[in-house]
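Please read the structure below before turning to the comments.
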Amino acid sequence: MAEREKFYITTAISYPNGAPHIGHAYEVVAADAIARFKRIDGYDVFFMTGTDEHGLKIQQTADKAGTTPKALVDEMSAKFRTMADGLNCSYDRFIRTTDADHLPSTHELWRRMQEKGDIYLSKYSGWYSVRDEAYYDESELTKQPDGSWRAPSGTPVEWIEEESYFFRLSAYESRLLALYEDHPEFIAPQTRRNEVVSFVRSGLQDLSISRTTFNWGLPVPADPKHVMYVWIDALNNYLTGTGFPEADNPRAHYWPADVHIIGKDIIRFHTVYWPAFLMSADLPLPKRVFGHGFLLNKGEKMSKSVGNVLDPLDLAEAYGVDQLRYFFMREVPFGQDGNYSHEAIVNRINADLANDLGNLAQRSLSMIAKNCEASVPQPAELTQADSDLLWLADALPGKVRGAMGDFALHTALAEIWSVVAEANRYFASQEPWVLRKSDPARMATVLYVTAEVLRAVGILAQAFVPTAAEKLLDLLAIAPGDRVVATIGAGGRLAPGTSLPQPQPIFPRYIEAEA
RNA sequence: GGCGGAGUAGCUCAGUUGGUUAGAGCAGAGGAAUCAUAAUCCUUGUGUCGGGAGUUCAAAUCUCUCCUCCGCUACCA
């Protein structure tokens, strides 16, 4: 057997300065679906998510709460991990930038960049608002009557100069442009790529990569009064996850990442800074970076003031984990912004999951249980209608693989469910409940073909709705090792006579609670 | 301001390199069936394809122009 091809996928790591929200849930669920699909498609997958735990804000939040940064991030990071677990996300490692192996890894990256001559000590200066804890560009400031300057937020600013290490980002402009040119797939979707190319073309300045104004962070090698600023510390988690710099680490072969799944708001860090760092360190670059969109609550961004902040686990409890996952991935074209609302979620759950797939499984498997001695029926000769439907099911792997290759999760699901819809039409037109009396052999064939379609659908659905798909495959008595994409089609057909368990509903309908 | 994207049925969107009567899902209306989670199936749309002009035998699909919306235009991530 040939060695399996590796596939390394990551989410961004979350900043645990507040509780996880629906955006975090969306990202990790989408990445999980891709990871799960790759696994059932035969890849050696490494899927990583985690938390980015250093920085001024964490330190301040801890101060305000009267605790230590470490105690704070221990508590907060656990919430993110609990969320990922609660949403049934199959990460192989949950990395934390406070993990012990992240320091040597990041020091090594820094050292290599320094060796290249790309890191130098200078001064970082600018208009700083103490109250906002942020620097502002001069163009953003407004002059007050007394001659002083104010930030956009109205707070006073002062000119600050701070010693800082810089990365020679400006030296990488042409190499980055060449990367985008030679690998147009590196940044997706297309619209994000356009933005990045335009940004880099406009010229790059060197990047401040250390701070002396706080100390909750990784110390700069040989100059511990500096801590590394977020860019290097956070981005390097992807390398740390593979055991860098240990060449003999069992995960070393996963680098470079095949894809970073991130929010569109941090596309620049992943497509400009990150590859430049890696080029400097003479390390291979990630193959692709995908910037997904945001989920909006009825068109509005989630915010505490609007009062529409939702806890993802509350949603999962209300609708079901698989149901919520399905909604996220089916409703919104991956890469674009999308809306969610109670009505939309319920509609998807009931129409697609309970009615279309759940009911198809129930009606066909019940008939098998009652009329075929509770075992896989023996098909007779296939009619054109049978072959046509099987052909559609057998063609699904190619279509879904193609869609998943472009991270078009919504398209993959649409493809799968179009076959479910076709199977419902087939079932209605074949009327096996009539055949039961008029032509039992024909009935058995129709039920067999339907079960075969359910098998293909169940296998592919594992990536998106793992628990329900598992239930469906259990009902079909598919052996654990056979629940892979490669068995879909003529080579892996159900064996007639295999006894089947008592059918159980796989997706309940969502019933509105009494108001 | 500069660069880029989008504007197609009530809603969400598909529409490869221009080519028969512009499609899907959902919602709405009517009907059939009863195996099934009151699920399913069938039928049903007179849409100025944002406006205007142009190229072409032929444009939602190319060109120009105008209108509207959105994103990016670096150190909060």
Side-chain angles (χ1 to χ4, degrees), chain A residues 12-18 52 54-58 124 126 129 132-137 139 164 166-167 169 189-211 229-231 233-235 262-270 272-273 291 293-294 330-333 336-339 341 343-344 347-348 350-371 410-411 414 417-418 420-421 423-437 443 446-447 450 503-511:
Chain A
I13 50 175
S14 306
Y15 201 64
N17 198 30
D52 167 26
H54 291 128
L56 182 61
K57 283 194 175 166
I58 292 285
Y124 183 69
S129 161
D132 296 350
E133 294 124 15
Y135 282 93
Y136 291 99
D137 189 79
S139 63
S164 171
F166 281 78
F167 171 69
L169 182 65
Q190 181 76 30
T191 176
R192 300 274 95 83
R193 179 175 181 274
N194 293 344
E195 287 174 8
V196 171
V197 170
S198 156
F199 171 77
V200 174
R201 277 216 186 100
S202 72
L204 294 175
Q205 297 169 20
D206 289 349
L207 198 64
S208 167
I209 53 170
S210 77
R211 287 290 185 276
Y229 201 41
V230 58
W231 319 132
D233 178 356
L235 289 165
I262 62 168
K264 64 181 181 180
D265 53 333
I266 52 173
I267 198 83
R268 177 187 308 152
F269 307 111
H270 287 77
V272 181
Y273 304 167
F294 297 142
R330 177 64 185 89
E331 185 76 2
V332 183
Q336 297 180 29
D337 289 351
N339 285 293
S341 64
E343 295 72 24
N347 191 42
R348 278 293 178 193
N350 286 344
D352 293 5
L353 299 181
N355 296 351
D356 284 355
L357 178 56
N359 186 238
L360 175 67
Q362 187 69 12
R363 68 200 302 207
S364 56
L365 293 173
S366 307
M367 283 200 75
I368 290 174
K370 290 174 190 163
N371 305 297
H410 59 295
T411 305
W417 256 259
S418 78
V420 173
N424 266 314
R425 282 188 283 274
Y426 165 86
F427 203 83
S429 73
Q430 297 300 316
E431 301 181 310
W433 55 92
V434 174
L435 297 169
R436 181 180 51 174
K437 289 175 179 165
M443 174 200 72
V446 170
L447 293 176
T450 304
Q504 303 287 335
I506 52 174
F507 290 112
R509 278 181 67 77
Y510 181 89
I511 310 294

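Keep in mind that the numbers below use all heavy atoms, side chains included, and drop hydrogens, waters and symmetry copies. The sequence lines fix the lettering, A, B, ..., with proteins before strands; numbering per chain opens at 1.
- Residue contacts shown for A/Ile267 are absent, as no nucleic acid heavy atom lies under 4.0 Å away.
- Among the atoms of the strands shown, base atoms are found under 4.0 Å from some heavy atom of A/Gly203.
- Cation-pi geometry between A/Arg268 and A/Phe199 is met: the NZ or CZ atom falls under 6.0 Å from the ring centre, inside 45° of the normal.
- Summarising the base pairing, B/G25 is matched to B/C11 through a Watson-Crick or G-U wobble pair whose two defining distances lie under 3.5 Å.
- Using a 4.0 Å heavy-atom cutoff across all strands shown, A/Phe507 reaches at least one base atom of the nucleic acid.
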Could you run down the sub-3.5 Å N/O contacts of the protein with nucleotides 68-71 of chain B?
from	atom 1	to	atom 2	distance (Å)
B/G71	O2'	A/Arg192	NH2	3.2
B/G71	O2'	A/Glu195	OE2	2.4

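- With distances taken from any side-chain atom of A/Pro505 to the nucleotides B/C75, B/C35, B/U37, the minimum falls on B/U37.
- For the OP1/OP2 pair of B/A14 and a distance below 4.0 Å, the side-chain nitrogens and oxygens of A/Gln336 include at least one atom meeting the criterion.
- Rounding to whole angstrom units, CG of residue A/Asn359 and P of B/C35 are separated by 13 Å.
- Here B/A36 presents its C1' atom at 14 Å from CD of A/Glu431, a figure rounded to the nearest Å.
- Between the P atom of B/C41 and the CZ atom of A/Arg363 lies a distance of 7 Å, rounded to the nearest Å.
- B/G1: Watson-Crick or G-U partner is B/U73, with both key distances under 3.5 Å.
- Contacts of A/Arg425 with the nucleic acid, taken as non-hydrogen atoms under 4.0 Å apart, involve only primed sugar atoms and P, OP1 or OP2.
- To the nearest angstrom, C1' of B/A36 lies 10 Å from CG of A/Asn424.
- Rounded to whole Å, the P atom of B/C11 lies 25 Å from the corresponding atom of B/G5.
- Note on A/Leu360: nothing from the nucleic acid sits closer than 4.0 angstrom, heavy atoms only.
- The nucleotide whose nearest atom lies closest to any side-chain atom of A/Asn347 is, among B/C75, B/C26, B/U37, B/C26.
- When the C1' atom is compared between B/G28 and B/G10, the two are found 9 Å apart, to the nearest whole Å.
- Residue contacts for A/Ser202: at a heavy-atom cut-off of 4.0 Å it reaches no nucleic acid atom on any strand shown.
- When heavy atoms are screened at a 4.0 angstrom cut-off, A/Trp417 is found touching no nucleic acid atom at all.
- The side chain of A/Phe427 approaches B/C35 more closely than any other nucleotide in the set B/U37, B/C41, B/C35.
- With distances taken from any side-chain atom of A/Lys57 to the nucleotides B/C75, B/C76, B/A74, the minimum falls on B/C76.
- Each of B/C26, B/C75, B/A36 was ranked by its minimum atom distance to the side chain of A/Leu207; first place goes to B/C75.
- Between A/Met443 and A/Met367, some side-chain heavy-atom pair lies under the 4.5 Å cut-off.
- Taking 4.0 angstrom as the limit, A/Arg268 places a side-chain polar atom (N or O) nearer than this to OP1 or OP2 of B/U73.
- Nucleotide B/C62 is matched to B/G54 when pairs are restricted to Watson-Crick or G-U wobble geometry with both distances under 3.5 angstrom.
- Which of B/A39, B/A74, B/C75 sits closest to the side chain of A/Asn355 comes down to B/A39.
- Picking from B/A77, B/U37, B/A74 the nucleotide with the shortest atom distance to the side chain of A/Phe269 gives B/A77.
- OP1 or OP2 of B/A39 has not a single side-chain nitrogen or oxygen of A/Asn350 nearer than 4.0 Å.
- When the nucleotides B/A77, B/U37, B/C42 are ranked by their closest atom to the side chain of A/Asp52, B/A77 comes out on top.
- Across every non-hydrogen atom of A/Gln362 and A/Pro505, the tightest pair is OE1-N, 3.6 Å.
- Across B/C41, B/C35, B/C3, the shortest atom-to-atom separation from the side chain of A/Ser198 is found for B/C3.
- Remark: B/A39 base-pairs with no nucleotide in the shown strands. Criterion, Watson-Crick or G-U wobble with two distances under 3.5 Å.
- Contact annotation: A/Tyr426 does not reach the phosphate of B/U40 (side-chain N/O to OP1 or OP2, under 4.0 Å).
- Across all strands, A/Asp352 comes closer than 4.0 Å to no nucleic acid atom at all (heavy-atom distances).
- Atom CG of A/Leu435 is separated from atom C1' of B/A36 by 16 Å (rounded to the nearest Å).
- In this pair, A/Trp231 and A/Phe269 present their aromatic rings parallel. The plane angle is below 30°, not in the 30 to 60° band.
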